[in-house]
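One-based numbering, in listed order, for ligands and for the atoms of each.
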Amino acid sequence: MDHSSINNFDFSLICEYFSSTDRQGPGSEASTLRALSFLTHLPHGARIADIGCGTGSSALTLARHTDAEITAIDLFPQFVERLQQRAAANGVADRIHALTGDMGALPFNADTFDAVWSEGAIYNIGFARGMQLWYPLIREGGYIAVTDASWLTPSRPAEIEEFWQDAYPTIGTVAENTDRMVQAGFRPVATFVLPHACWTEHFYQPQRQAQTLFLQRHPGNATAQMLVENQQREARLYDQYHQYYGYVFYIGRKA
Ligand code: SAH
């Protein structure tokens, strides 16, 4: 989901635009499963929170490949509803509890979850703050697994530096984020960079089809036009500068 435009655009248009695609951020089933493979001590019937779940691609993957009970949370009711439909269609509605909520003020007790999962969403409160806020929700021996946009090199061209400084001022390198994770109390278990296909095939490509239909539904709507143009610019920047940044999966364990 576009980082820079969210405050400037009509939320209902953004929701409509992103409800029509399976993912709202870069990722893939293969990457979710790769991250899951590092959670070697996840118990049977684990309780997993998927925070900023969007329309639920990761929650559905986790439900299909584990026997966990998944609590999926997103700020936008439209996304939560879409996830509920998808969970029913996939026969996992009994193990996915989807609700609206704010990731900065989650209504859960301490030590509730065996794992906190979050793909492409922690940037909304910042990596360091997310790590700190979610730490108490995880029981001793439990896991955190998040993806976040990260710098892959120590320096980068001005155009892409400026784009991310504007979109996500606290974006860190992999080393900085690993350090933030450790500062919050986690032991780093694994990090890996998401492959290109997570951005191209699984994120920008499905949007291209959705963009045409979206603009047809909103002829002459300047906000809709701007939303599409922003997403297209983001995709072009990724094409040009992807050696400098990417989404990184960070997996950590509490103690
Ligand atoms: N995890 C999904 C969605 C990523 S996009 C995927 O990988 O496809 C980021 C998501 O964070 C959006 O669905 C957005 O609605 C949600 N979000 C933004 N601010 C939030 C907040 N304060 N609390 C909970 N969810 C939030």
task = Mind running side chain to side chain contact (heavy atoms under 4.5 Å, CB included) on F163 and Y168 for me, showing each step along the way?
result = CA-CA 8 Å; F163 172 80; Y168 186 24; over 6 Å; no
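- Below 4.0 Å from some heavy atom of F76 lie the following atoms of ligand 1, by number and element: 15 (O).
- Proximity of S118 to ligand 1, defined as any heavy-atom pair under 4.0 Å, is not found for any part of the residue.
- Considering backbone and side-chain N/O of D22, none are found under 3.5 Å from N/O of ligand 1.
- Some N or O of M103 is nearer than 3.5 Å to an N or O of ligand 1, by distance alone.
- T153 and Q243 form no side-chain donor-acceptor contact under 3.5 Å, judged by distance and modelled atom types alone.
- Close contacts of ligand 1 with R23, meaning ligand atoms under 4.0 Å from a residue heavy atom, involve 7 (O), 8 (O).
- In this structure, a donor-acceptor pair under 3.5 Å is present between the side chains of Y17 and Q211.
- Taking 4.0 Å as the cut-off, C53 counts as a neighbour of ligand 1 on heavy-atom distance.
- Figure legend: cation-pi geometry between R253 and F186 absent, as NZ or CZ is not positioned both under 6.0 Å from the six-membered ring centre and within 45° of its axis.
- Considering both main-chain and side-chain atoms, D74 comes within under 3.5 Å of ligand 1 through a nitrogen or oxygen pair.
- Heavy-atom contacts of G52 reach the following atoms of ligand 1: 1 (N), 2 (C), 3 (C), 4 (C), 10 (C), 11 (O), 25 (N) (cutoff under 4.0 Å).
- In this structure, a donor-acceptor pair under 3.5 Å is absent between the side chains of T112 and R47.
- Judged purely by distance below 3.5 Å, without hydrogens or angles, the side chains of T223 and D10 never pair a donor atom with an acceptor atom.
- Between atom 17 (N) of ligand 1 and the options T55, D50, I125, N124, the minimum heavy-atom separation is to N124.
- At least one N or O atom of L75 sits closer than 3.5 Å to an N or O atom of ligand 1.
- A donor atom on one side chain and an acceptor atom on the other are found under 3.5 Å apart for Y241 and E159.
- No hydrogens or angles considered: a donor-acceptor pair under 3.5 Å links the side chains of S31 and S28.
- A 6.0 Å sphere centred on CG of D94 holds more than 12 heavy atoms belonging to other residues, nucleotides or ligands.
- Interface of G101 with ligand 1, defined as ligand atoms under 4.0 Å from a residue heavy atom, comprises 23 (N), 24 (C).
- The N/O atoms of D102, backbone and side chain alike, include one that comes under 3.5 Å of an N/O atom in ligand 1.
- Of all the atoms in ligand 1, the ones that sit under 4.0 Å from a non-hydrogen atom of G25 are 8 (O).
- At a 4.0 Å heavy-atom cut-off, ligand 1 touches F79 through the side chain alone.
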